[in-house]
There are 2 protein chains.
Amino acid sequence: MSAPPPPPRPPARRGRGRPTSPVLTGDGITAEAVRLLEERGRDGLTMAALARRLGVSPSALYNHVATKQDVLRAVQDDVNRRIDCSGFDGPPWDEALARWAWSYRDAYARHPALVPIIAVTPVSSAPHTVAMYERVSAGLLAGGWPAHLVTNVVVAVESFVLGSALDTQSPEDIFDPGELDAPTVRTANAARPGGDTARAAFDLGLEALLTGLRAVLAQQGPQEG
Amino acid sequence: MSAPPPPPRPPARRGRGRPTSPVLTGDGITAEAVRLLEERGRDGLTMAALARRLGVSPSALYNHVATKQDVLRAVQDDVNRRIDCSGFDGPPWDEALARWAWSYRDAYARHPALVPIIAVTPVSSAPHTVAMYERVSAGLLAGGWPAHLVTNVVVAVESFVLGSALDTQSPEDIFDPGELDAPTVRTANAARPGGDTARAAFDLGLEALLTGLRAVLAQQGPQEG
DNA sequence: ACCTGAACACCGTTCAAGT
DNA sequence: ACCTGAACACCGTTCAAGT
């Protein structure tokens with residue numbers, strides 16, 4: 001058998017004979033990866049799929065990123081950039097924290113695949129992520145929190161937010177015991193109001209968490225400003 | 001080239017000529033999967049690795065499980081079985097909830113790969129998981145919580161627990177801004193006490209959450225018992 | 001410097017063939 | 001009924017070769 005003719009190629013984007021601007025850039029890869037993740041989900045974001053949408057061969061990506069993990073980190077930073085930290089510029093810390101938490105949850109509800117990554121990824125190469133933490137930390141400090149508790153407050157709220165973001169993905173019947181014997185679970189399910197149940201649970205938990213944090217802060221006594 | 005001789009095989013576990021008890025069982029696969037996950041982590045749990053440790057070819061597993069997701073679900077239920085719900089048999093609901101939350105967090109800190117799974121997996125084929133929810137729900141109801149809030153309380157605490165379990169996997173320097181400009185983040189990092197920082201954040205958050213939940217319950221007024 | 005195409009060492013899963 | 005071994009359609013990544 002002779003080799004089949006090469007398949008038709010997408011329109012050439014490169015110049016001929018002389019160096020031109022590169023087809024790919026790091027930012028272009030990140031932007032396309034965000035779209036791909038939103039459209040096709042975690043399993044849809046493959047290096048091959050990403051390359052195809054960029055009109056390039058998979059190996060070309062490796063001139064711009066070292067690994068797929070790199071791409072995910074960049075996507076992450078891009079998502080974090082859009083989280084609303086504006087509350088920390090004026091309103092009281094608890095109100096600001098609530099606004100931040102809602103925005104944070106909504107962002108990761110759209111990108112649940114990123115949850116296991118942010119929990120583990122160092123922040124040092126993610127400028128927008130660092131900027132977010134800077135604003136949140138400054139707001140808490142200005143709100144009267146002692147410096148030694150600031151990071152723990154951030155981590156506690158963040159843990160609740162990320163867990164809640166995962167919960168938004170759960171199917172409606174997740175607590176249906178099926179054939180199994182669980183009368184109280186059935187009772188609680190039946191009594192739970194319909195609608196956006198993940199939202200109701202987040203609302204309850206966030207209110208409780210903030211109430212408790214206010215109590216903790218009140219026990220600390222006034223801080224130096 | 002002639003085919004190379006077959007490699008030496010592990011000691012035969014099967015009888016000859018007559019039907020014997022099968023090499024594999026669903027429970028045996030689950031138990032080995034738990035060990036593999038603990039020893040080699042998420043990426044170490046492959047169907048091929050699982051089969052090798054069971055002395056069997058990968059395709060043999062598919063006589064007992066439909067997909068790898070099945071294996072993960074069974075592992076999950078096995079992990080949930082060991083979570084401590086004993087508090088709900090006597091102590092007040094808030095104390096019981098705290099004990100449950102700590103035990104739950106510790107279990108998933110050992111199995112962070114399962115976190116994205118439990119958040120999304122229906123409970124109907126997981127008997128130990130249902131039994132856990134049954135005890136927790138009954139304890140909250142007995143503790144005075146109105147039925148329509150029970151599931152939301154469970155989900156809120158669970159979200160915090162699972163997010164915190166992921167946080168236990170974060171590297172020590174996760175908040176180090178590196179070259180980036182983030183003075184308040186630096187201040188907060190420096191003031192944060194060393195030791196088990198994930199534990200300190202969980203402790204703070206859980207205390208706050210429980211304080212807030214007590215306040216929510218107090219507003220509800222007494223319930224029918 | 002940046003891209004292509006072939007290749008490598010894996011995945012999870014299917015299926016005909018054996019006993 | 002339950003296992004083997006070959007095969008399939010993928011992965012992420014590397015690398016020599018081209019311009």
Side-chain angles (χ1 to χ4, degrees), chain A residues 1 3-29 32-33 36-37 40-75 113 117, chain B residues 2-29 32-33 36-37 40-75 113 117:
Chain A
M1 291 221 291
R9 290 270 301 288
R13 301 203 195 181
R14 311 195 62 198
R16 294 184 182 86
R18 300 209 306 107
T20 58
S21 58
V23 176
L24 293 176
T25 66
D27 286 350
I29 293 173
E32 195 63 49
L36 192 52
L37 192 65
R40 306 247 190 267
R42 147 168 244 165
D43 294 342
L45 177 51
T46 69
M47 297 300 271
L50 187 52
R52 190 161 38 81
R53 292 183 38 145
L54 290 162
V56 114
S57 90
S59 53
L61 298 173
Y62 291 89
N63 287 299
H64 303 273
V65 298
T67 66
K68 185 182 178 180
Q69 194 71 11
D70 260 25
V71 176
L72 290 171
R73 272 195 277 267
V75 167
I117 299 167
Chain B
S2 60
R9 292 270 302 290
R13 302 203 192 178
R14 312 197 59 200
R16 292 183 183 88
R18 299 209 309 109
T20 59
S21 57
V23 176
L24 292 176
T25 66
D27 287 350
I29 292 173
E32 195 63 49
L36 192 52
L37 192 66
R40 306 247 190 268
R42 149 169 241 164
D43 294 342
L45 178 51
T46 68
M47 297 301 269
L50 187 53
R52 191 160 38 78
R53 294 187 30 151
L54 291 163
V56 114
S57 90
S59 53
L61 298 173
Y62 290 88
N63 288 298
H64 303 273
V65 298
T67 67
K68 185 181 179 181
Q69 194 72 8
D70 259 26
V71 176
L72 290 171
R73 272 196 276 267
V75 167
I117 299 168

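Naming: A, B, ... by sequence-line order, numbering from 1 per chain.
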Please round to the nearest 0.5 Å and tell me the distance separating atom CG of L50(B) and atom CD of E32(B).
-> 7.0 Å
To the nearest 0.5 Å, atom OG1 of T25(B) lies from atom CG of N63(B) at 12.5 Å
Using Watson-Crick or G-U wobble geometry with both distances below 3.5 Å, tell me the partner of dA1(D), or none.
-> dT19(C)
Straight-line distance of T67(B) OG1 to L72(B) CG, nearest 0.5 Å | 8.0 Å
Shorter than 3.5 Å, N or O on both sides, protein versus nucleotides 11-14 of chain D: list them out with atom names.
from: dG12(D); atom 1: OP1; to: M47(A); atom 2: N; distance (Å): 3.4
from: dG12(D); atom 1: OP1; to: K68(A); atom 2: NZ; distance (Å): 3.0
from: dG12(D); atom 1: OP2; to: M47(A); atom 2: N; distance (Å): 3.0
from: dT13(D); atom 1: OP2; to: Y62(A); atom 2: OH; distance (Å): 2.7
from: dT13(D); atom 1: OP2; to: K68(A); atom 2: N; distance (Å): 2.8
from: dT13(D); atom 1: O5'; to: Y62(A); atom 2: OH; distance (Å): 3.3

Who pairs with dA6(D) - Watson-Crick or G-U, where each distance is under 3.5 Å | dT14(C)
Give the rounded distance in Å between these two atoms: CG of N63(A) and C1' of dT4(C).
-> 10 Å
Check whether any side-chain N or O of H64(B) sits under 4.0 Å from OP1 or OP2 of dA1(D), and answer yes or no.
-> no
Distance, rounded to the nearest Å, where L54(B) contributes CG and dT4(D) contributes C1' | 15 Å
Selection from dG5(C), dT4(D), dC3(D) that lies nearest to any side-chain heavy atom of S57(A) | dG5(C)
Roughly how far, to the nearest 0.5 Å, is the CD1 atom of I29(A) from the NE2 atom of H64(A)?
-> 5.5 Å
All side-chain contact (heavy atoms from CB on, under 4.5 Å) counterparts of S59(A), not counting sequence neighbours | S57(A)
Between the CG atom in D70(B) and the CG atom in L61(B), the distance rounded to the nearest 0.5 Å is 11.5 Å
